[in-house]
Amino acid sequence: MAIKLSKKIMRQIGRTNAEFGLIEEGDKILVGLSGGKDSLTMVHALMEQQRRAPFKFEILAVTVTYGMGEDLSALSAHCAEHNIPHKVYETNTYEIAADKIRQNSSFCSFFSRMRRGALYGAAKEYECNKVALGHHLDDAAESFFMNLIYNGHMRALAPKYKAGNGLIVIRPLIKMRERQLAACALENEMPTIGDEACPSMRFDVKMPHARASMKVMLGEMEEKYPDLFVSINSAFGHISDDTFFDPERFNV
């Protein structure tokens, strides 16, 4: 079954790439493919962009395992069917977690760090110079309010940044809404992998509440202010940093 990507998705990914210079001539991009709706839509959009681009770049989809005996056969078959170069990168994250995670403790940041580190390691091994992550505008907004409310820090998710090891990390979907990506995956009957693949399901740990709370809060705000995410998208690109309480940024 051919994957159909909306004009809106391809237009937005093209604009985001042009605005931030995410993909360039000669890039070899490792695409983090968890198998969720976001990463599956991203890899198909990047494959389509590769076909349309006036310059050459390579794509390699990489799925990181946790060492739990995950069944990735459907995901691998999907990649083969659509000619997506795909590698499975094995880790022992689950075994390490058993020693590191305390009973009834939070786990999201731990698994996120471990997964990100594995992607960086895979990028080096497969000689990729960039790593593409599937974060979208909803993720950026939730991260912003989580940092604001829980950490007292003005911080979101950058479309492009350099990791400590020199790799360039890009977020091609950062200006798209989560519901766009979910609709694309559903319409194309993509073999999505959900929370059942999360290793936390095998531990006695508390479920994360901060991001879920932010999602609910933003949903309620959007009902009241329908253009909320339009404004958030604009605000993230129009920052008057001399108006905050940082003396180093005062315009005097």
Side-chain angles (χ1 to χ4, degrees), residues 9-10 12-50 53 55-66 79 84-91 93 108-147 151 153-178 180-181 193 211 232-233 236-237 239:
I9 284 179
M10 293 310 303
Q12 186 60 72
I13 203 169
R15 287 175 177 173
T16 303
N17 181 59
E19 182 176 358
F20 302 114
L22 303 185
I23 302 173
E24 300 165 298
E25 174 81 40
D27 280 343
K28 184 174 181 181
I29 303 170
L30 182 151
V31 181
L33 183 62
S34 67
K37 65 186 186 311
D38 306 328
S39 65
L40 272 166
T41 300
M42 176 174 65
V43 75
H44 280 288
L46 290 178
M47 290 289 290
E48 180 61 26
Q49 193 174 37
Q50 184 185 46
F55 56 86
K56 292 185 178 180
F57 64 92
E58 296 181 55
I59 291 172
L60 176 64
V62 172
T63 303
V64 172
T65 73
Y66 293 107
C79 288
I84 299 170
H86 182 227
K87 296 278 190 181
V88 175
Y89 193 77
E90 303 283 354
T91 77
T93 300
C108 276
S109 60
F110 173 82
F111 287 121
S112 178
R113 288 194 305 271
M114 295 294 287
R115 185 171 57 249
R116 188 75 56 88
L119 287 174
Y120 291 170
K124 289 293 187 182
E125 180 176 332
Y126 301 134
E127 299 182 330
C128 300
N129 66 310
K130 290 181 179 176
V131 173
L133 303 177
H135 297 117
H136 42 68
L137 184 58
D138 294 65
D139 288 325
E142 290 160 16
S143 293
F144 174 80
F145 282 102
M146 283 171 65
N147 278 301
N151 302 324
H153 194 174
M154 301 285 280
R155 182 185 181 91
L157 298 176
K160 180 180 183 181
Y161 69 92
K162 181 180 285 188
N165 59 3
L167 284 168
I168 301 298
V169 180
I170 60 175
R171 294 183 168 110
L173 309 181
I174 201 63
K175 290 202 167 190
M176 294 187 201
R177 295 300 307 277
E178 182 177 16
Q180 286 179 274
L181 306 172
I193 297 174
R211 187 168 291 276
I232 289 174
N233 181 40
F236 282 170
I239 303 169

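Values reported hereafter were calculated over all heavy atoms of this structure, with side chains retained and with hydrogens, waters and symmetry mates removed. Note that the structure is a prediction, hence the values are computed from the model and not measured.
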| What's the spacing between Leu30 CG and Glu125 CD if we round to 0.5 Å? | 10.5 Å

| query | So Gln50 and Met47, side chain to side chain contact (heavy atoms under 4.5 Å, CB included) or not? Walk me through it. | reply | CA-CA 5 Å; Gln50 184 185 46; Met47 290 289 290; 4.0 Å; yes

| request: Please answer whether the main-chain N or O of Thr65 pairs with a side-chain N or O of Thr91 as donor and acceptor at a distance below 3.5 Å. | output: yes

| task | Calculate, to the nearest 0.5 Å, the distance between atoms CG and CD1 belonging to Leu133 and Ile170 respectively. | result | 8.5 Å

| request: Keeping the roles fixed (side chain from Asn17, backbone from Gly14), state whether a donor-acceptor pair exists under 3.5 Å. | output: no

| Once you round to the nearest 0.5 Å, how far does CG of Leu137 lie from CD of Gln180? | 9.5 Å

| Would a distance-only check, ignoring hydrogens and angles, find a side-chain to backbone donor-acceptor pair under 3.5 Å from Asn165 to Leu167? | yes

| query | Just by modelled atom types, is the Asp139 backbone N or O under 3.5 Å from a matching donor or acceptor in the Glu178 side chain? | reply | no

| remark: Closest heavy-atom pair, Tyr126 versus Val88, reported as atoms and distance to 0.1 Å, is OH-O, 4.4 Å

| message | Please check this pair: side chain of Asp138 against backbone of Arg177, looking for a donor-acceptor N/O pair closer than 3.5 Å. | response | no

| remark: Closest non-hydrogen contact found for Tyr89 with Gly121 is OH-C, 3.8 Å

| request: Begin with the C-alpha distance, continue with both residues' side-chain angles, and end with the deciding distance and a verdict on side chain to side chain contact (heavy atoms under 4.5 Å, CB included) for Leu33 and Cys79. | output: CA-CA 10 Å; Leu33 183 62; Cys79 288; 3.6 Å; yes

| request: For a side chain to side chain contact (heavy atoms under 4.5 Å, CB included) with Ile13, tell me which candidate from Leu22, Leu46, Thr41, Ile23 qualifies. | output: Leu46

| request: Test Glu19 against Lys175 for side chain to side chain contact (heavy atoms under 4.5 Å, CB included), laying out the working first. | output: CA-CA 11 Å; Glu19 182 176 358; Lys175 290 202 167 190; 2.9 Å; yes

| field | Exercise: identify the closest heavy-atom pair between Met42 and Ala132 | value | CE-O, 3.6 Å

| task | Mind checking the CE-CG spacing from Met176 to Asn233? Nearest 0.5 Å is all I need. | result | 11.5 Å

| request: State, with a plain yes or no, whether a side-chain heavy atom of Phe57 is found less than 4.5 Å away from one of Lys130. | output: no

| task | Enter the distance from Phe144:CZ to His153:NE2 here, rounded to the nearest 0.5 Å. | result | 10.5 Å

All N/O donor-acceptor pairs, side-chain side in residues 154-161, below 3.5 Å, sequence neighbours left out:
from: Lys160; atom 1: NZ; to: Gly21; atom 2: O; distance (Å): 2.7
from: Tyr161; atom 1: OH; to: Arg116; atom 2: NH1; distance (Å): 3.0
from: Tyr161; atom 1: OH; to: Tyr120; atom 2: OH; distance (Å): 3.3

| query | If you round to the nearest 0.5 Å, how far is CD1 of Ile168 from SG of Cys128? | reply | 13.5 Å

| query | Any idea which heavy atoms bring Leu173 and Gly134 closest together, and the distance? | reply | CD1-O, 3.8 Å

| message | Would you say CD of Glu25 has more than 12 non-hydrogen atoms from neighbouring residues, nucleotides or ligands within 6.0 angstrom? | response | yes

| field | Heavy-atom closest contact (Lys28 atom, Asn129 atom, distance) | value | N-OD1, 2.8 Å

| task | Please name the pair of heavy atoms, one in Val169 and one in Ala163, separated by the smallest distance, quoted to 0.1 Å. | result | CG2-CB, 4.3 Å

| task | List in chain and number order the residues that pass salt bridge (Lys or Arg N to Asp or Glu O under 4.0 Å) with Glu58, two or more places apart in sequence or in another chain; answer none if no residue qualifies. | result | none

